[in-house]
Colleague: 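Once you've had a glance at the structure underneath, I'll fire off some questions.
We name chains A, B, ... by the order of the sequence lines, and we start the count at 1 in each one.
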Amino acid sequence: MTTPDSTSSDFIRNIVEEDLKTDKYQGRVVTRFPPEPNGYLHIGHAKSICLNFGVASEYPGGICHLRFDDTNPLREDVEYINSIQEDVQWLGFDWGQHLYYASDYFGALYEFAEKLILEGKAYVDSLTADQIRNYRGTLTEPGKESPYRDRSVKENLDLFRRMRAGEFDDGAHVLRARIDMASPNLNMRDPTIYRIRRATHHRTGDDWCIYPMYDYAHALSDSIEKITHSLCTLEFEDHRPLYDWTLEELDVYRSQQIEFARLNLTNTVMSKRRLLQLVEGSYVSGWDDPRMPTISGLRRRGYTPEAIRTFCDHIGISKRDTVVNMALLEHCIREELNRSAPRVMAILDPLKVIIDNYPEGTEQEFDAVNNPEDPSMGNRKVPFSREVYIERDDFREDPPSRFFRLAPGREVRLRYACYITCREVVKDPQTGEVIELRCTYDPESVGGSTPDGRRVRGTLHWVSAAHSRQVEVRLYDHLLVNPEGDSDEDSRDFISLLNPDSLKVLTNCQVEPGLANAEPGSRFQFERQGYFCADSRDSMPGAPVFNRTVSLRDSWARIEQAQNAG
RNA sequence: UGGGGAUUAGUCCAGUGGUAGGACGCCUGACUCUGGAUCAGGAAGCGGAGGUUCGAACCCUCCAUCCCCAGCCA
């Protein structure tokens, strides 16, 4: 597996490279990640984080700021400020001293607004929100100028100062940029840049009752921080003329906005609105539910920062509106965990096997390799005795063709232990359910091979019944059955696409004794099953709960599926 | 039918005038005490039509399709 070249290029890095060549910014590269603290970060944000911090890190002296875009006190909260910082750090990025808040600039932003008014470039409008909307025109028709558009500078200044002083109710007035009501770009039809909001801000308290709008605040925040490359998503492309207008009219540092496509993933949802809907509707257990594409959800699921970064490298940066296959994310975590996760044997759906010719009351230990990919991880002892559990799915009374596992009369290997042959199938007389297998073992095969060198096709994982520990395991699958994922933002109906099998809780799993003390957050490969992570929320000392991060590739499942289909 | 963007294998990303390349996924085979991993091989693509050129994914023209914009959200 090749990891992407760290110098791998994209159109944004090409622009940065070119700007360096032409000395556009005196050799500086300063980016920023500007989340609004109104929700948890998700894998789509990770793309932006990796881009912004990544680009900055590729140049000497390059820096990336973390700036909270906290201009709307109605929707924002410190809870999110904390989780966002935790998530960015966990992903492996460091903003150093460069932690900022748009609210830090409220004073400066206010001064700039007065300057615009003084120069006749902004005015106080007293139309209602409804009226402003009607005056804006439509996509194909120009807007109409507000009757307040030609108020004198003096009157505008007076009104704006009184807005700031709290003399008016919410909605009574707004400050608008005076641009062009006939512009084909709706964002340029005298956009609102300040509105009255008598709300307590999580950082500035009640210092302000007017708050700047995104376009105005963001452009100036970038400029104040002397951001060179302001990277944002495609939907802001139409806003760039306003971004440029603001910086040019105020004659301040000219940051450059560049837009790239946001991330969409199959089989999940990505918009904050929908994520919030899942949380509030209790379709998931919270923002960090392991099924959520949030950073905290992926973390709890068992994903590593490295895997997420590798994923972001793999998907690249472009301007095409696309949907990345979830299989790529899964590939990235498998690839890493294959290298790093200790192997362990765990039976998810136990079927008891009694080895009749194994002496009763005795036991022995076998050596098991902790990670065949990394010999330095050493070996461990696994206890064995007369009764073991195997995976129910590893036995078929009537095996289909190419089924190499256990069946009546068949011989298989118990990994690291010995060969067993199935002699008898014990069923519940009522239900007909297989409840136990009577087997014999070949004493010659102890250690995993026989002197006669005969081959067995199947090797099963197992656990000694007398030594195993019962744990809870949670099997997670895609959130949505629909691979189209989030792409249809209008379908109000995505709830009906939720995968009913996205979570299966197994409470009777039997695992090797050593696993009982697994540290919360620790990751394992359950051999032949997948990668699992001890849940950091619900695990108790001595009673871990395991989340399935991702299953192993399962070629037998594919064969069987093909057989059933054909 | 106003404006802004985008069209390269099933998917994502490179390729900016000289034999279309990588990754994921998929298929074959080898190997294997994980039907894992690994290794080897394979199928699969420039939206369309014109034009410029010795030569076009790339330049020009037209067409088509998809995405975004009418918050006092970001």
Colleague: Without decimals, in angstroms, what is the distance between A:Glu235 CD and B:rG71 P?
Modeller: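 To the nearest whole Å, that distance equals 16 Å.
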Colleague: Look at the side chain of A:His331 and decide which nucleotide, out of B:rG36, B:rG35, B:rC24, has an atom nearest to it.
Modeller: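 Nearest listed nucleotide: B:rC24.
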Colleague: Report the distance from atom CG of A:Asn187 to atom P of B:rG4, rounded to the nearest whole Å.
Modeller: 13 Å
Colleague: With distance as the sole criterion, is a donor-acceptor pair present between the side chains of A:Thr450 and A:Glu444 under 3.5 Å?
Modeller: no
Colleague: For B:rU61, give its Watson-Crick or G-U wobble partner with both distances under 3.5 Å, or none.
Modeller: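 Checking every strand shown, B:rU61 finds its partner in B:rA49, with both distances under 3.5 Å.
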Colleague: Of all the choices, B:rG35, B:rC69, B:rG71, which nucleotide is nearest to the side chain of A:Arg136 once you look at every atom?
Modeller: B:rG71
Colleague: Return yes when atom CZ of A:Arg162 has more than 12 non-hydrogen atoms of other residues, nucleotides or ligands closer than 6.0 Å, and no otherwise.
Modeller: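 Enclosed: over 12 neighbouring heavy atoms sit under 6.0 Å from CZ of A:Arg162.
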Colleague: Can you figure out which of B:rG25, B:rC69, B:rG35 approaches the side chain of A:Ala327 most closely?
Modeller: B:rG25
Colleague: Just the rounded figure in Å: distance from P of B:rA37 to CG of A:Asn338.
Modeller: 7 Å
Colleague: So what does A:His239 hit on the nucleic acid, given a heavy-atom distance under 4.0 Å: a base, only sugar-phosphate, or nothing?
Modeller: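 The residue A:His239 makes base contact.
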Colleague: Return the nearest nucleotide to the side chain of A:Met213; candidates are B:rC13, B:rG35, B:rG71.
Modeller: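 Nearest to the side-chain atoms of A:Met213, counting from C-beta on, is B:rG71.
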Colleague: Is the A:Tyr101 to A:Phe68 ring centre distance short of 6.0 Å?
Modeller: yes
Colleague: How far, in whole Å, is B:rU38 from B:rC59 if one measures between their C1' atoms?
Modeller: 46 Å
Colleague: Just checking A:Arg457: does its CZ atom have more than 12 heavy atoms from other residues, nucleotides or ligands closer to it than 6.0 angstrom?
Modeller: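 It does not: A:Arg457 CZ has 12 such atoms or fewer within range.
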Colleague: Contact class for A:Arg402 (heavy atom, under 4.0 Å): base, sugar-phosphate, or nothing?
Modeller: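 If one applies the 4.0 Å heavy-atom cut-off, A:Arg402 turns out to touch a base.
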Colleague: Between B:rC72 and A:Arg133, is there an OP1 or OP2 to side-chain N/O distance shorter than 4.0 Å?
Modeller: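 A:Arg133 to B:rC72 OP1/OP2: no side-chain N or O under 4.0 Å.
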Colleague: 5'-most contact on RNA chain B: A:Pro212 or A:Pro184, nearest heavy atom basis?
Modeller: A:Pro184
Colleague: Base, sugar-phosphate or nothing for A:Glu36? Non-hydrogen atoms, less than 4.0 Å.
Modeller: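 The residue A:Glu36 makes sugar-phosphate contact but no base contact.
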Colleague: Round to a whole Å and report the spacing from OH of A:Tyr148 to C1' of B:rC72.
Modeller: 16 Å
Colleague: Considering only B:rC12, B:rG2, B:rU32, which nucleotide approaches the side chain of A:Thr322 most closely?
Modeller: B:rC12
Colleague: Just do the ring-ring contact (aromatic ring centres under 6.0 Å, His included) check on A:His201 and A:Phe106 with the steps written out, would you?
Modeller: CA-CA 12 Å; A:His201 187 279; A:Phe106 281 172; 5.6 Å; yes
Colleague: Counting only heavy atoms not in A:Arg380 (residues, nucleotides, ligands), do more than 12 fall under 6.0 Å from its CZ?
Modeller: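 Enclosed.
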Colleague: Once you apply a heavy-atom cut-off of 4.0 Å, does A:Leu175 come out as touching a base, just sugar-phosphate, or nothing?
Modeller: nothing
Colleague: By the 4.0 Å heavy-atom rule, please label A:Phe403 as base, sugar-phosphate, or nothing.
Modeller: base
Colleague: Between B:rG36, B:rA6, B:rG35, which nucleotide gets closest to the side-chain atoms of A:Ile559?
Modeller: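 Closest nucleotide to the A:Ile559 side chain: B:rG35.
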Colleague: Is the closest side-chain donor-acceptor distance between A:Glu225 and A:Tyr105 under 3.5 Å?
Modeller: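 Side chains of A:Glu225 and A:Tyr105: pair found under 3.5 Å.
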Colleague: Rounding to an integer number of Å, can you tell me how far A:Glu330 CD sits from B:rC24 C1'?
Modeller: 11 Å
Colleague: Would you mind classifying the nucleic acid contact of A:Thr138 as base, sugar-phosphate or nothing, using non-hydrogen atoms under 4.0 angstrom?
Modeller: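 It contacts base atoms.
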Colleague: Would the base of B:rG3 count as contacting A:Asp238 through its side chain, where contact means a donor and an acceptor less than 3.5 Å apart?
Modeller: yes
Colleague: Taking any strand in view, what nucleotide pairs with B:rU28 in a Watson-Crick or G-U wobble way, both distances under 3.5 Å?
Modeller: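 In the structure as shown, B:rU28 has B:rA40 as its Watson-Crick or wobble partner.
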Colleague: Does any nucleotide pair with B:rG2 by Watson-Crick or G-U wobble geometry, both distances under 3.5 Å, and what is it?
Modeller: B:rC69
Colleague: Reckon A:Arg343 touches a base, only the sugar-phosphate, or nothing at all at heavy-atom distances under 4.0 Å?
Modeller: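 Result for A:Arg343 = base.
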Colleague: Check the distance between B:rC67's P and A:Leu234's CG and give it to me in whole angstrom.
Modeller: 13 Å
Colleague: Could you verify whether a donor N or O on one side chain and an acceptor N or O on the other, from A:His218 and A:Asp69, lie under 3.5 Å apart?
Modeller: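 Distance-only check passes for A:His218 and A:Asp69.
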Colleague: Regarding A:Leu328, tell me which of base, sugar-phosphate or nothing describes its non-hydrogen contacts under 4.0 Å with the strands shown.
Modeller: sugar-phosphate
Colleague: Will you find, in the side chains of A:Thr459 and A:Arg413, an N or O donor that is under 3.5 Å from an N or O acceptor?
Modeller: yes
Colleague: Can you tell which of B:rG4, B:rG35, B:rC12 lies closest to the side chain of A:Glu237?
Modeller: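 Minimum distance to the A:Glu237 side chain belongs to B:rG4.
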Colleague: What is the nucleic acid contact for A:Gln525, judged by heavy atoms within less than 4.0 Å: base, sugar-phosphate only, or nothing?
Modeller: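 Base, at least one base atom sits under 4.0 Å.
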Colleague: Over all strands shown, is A:Phe236 touching base, sugar-phosphate only, or nothing at heavy-atom distances under 4.0 angstrom?
Modeller: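 Counting heavy atoms under 4.0 Å across all strands, the contact made by A:Phe236 includes a base.
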Colleague: Across all strands, who's sitting opposite B:rG21 as a Watson-Crick or G-U wobble pair, both distances under 3.5 Å?
Modeller: B:rC13
Colleague: Which residues in residues 371-378 of chain A have a heavy atom closer than 4.0 Å to any atom of RNA chain B?
Modeller: A:Pro372, A:Glu373
Colleague: If I take atom CG in residue A:Asp313 and atom C1' in nucleotide B:rA14, what distance separates them, rounded to the nearest angstrom?
Modeller: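 It works out to 14 Å between those atoms.
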Colleague: From the list B:rA70, B:rG35, B:rC12, which nucleotide is the closest neighbour of the side chain of A:Ile315?
Modeller: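 Selected nucleotide: B:rC12.
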Colleague: Whole angstroms only, please: what is the CZ-P distance between A:Phe404 and B:rG36?
Modeller: 11 Å
Colleague: Please step through side-chain hydrogen bond (donor to acceptor under 3.5 Å, both in side chains) for the pair A:Gln257 and A:Tyr243, ending with a clear verdict.
Modeller: CA-CA 8 Å; A:Gln257 174 178 305; A:Tyr243 184 98; 5.6 Å; no
Colleague: Identify whether the glycosidic angle of B:rG50 places it syn (within 90° of 0) or anti.
Modeller: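 With its glycosidic angle more than 90° from zero, B:rG50 counts as anti.
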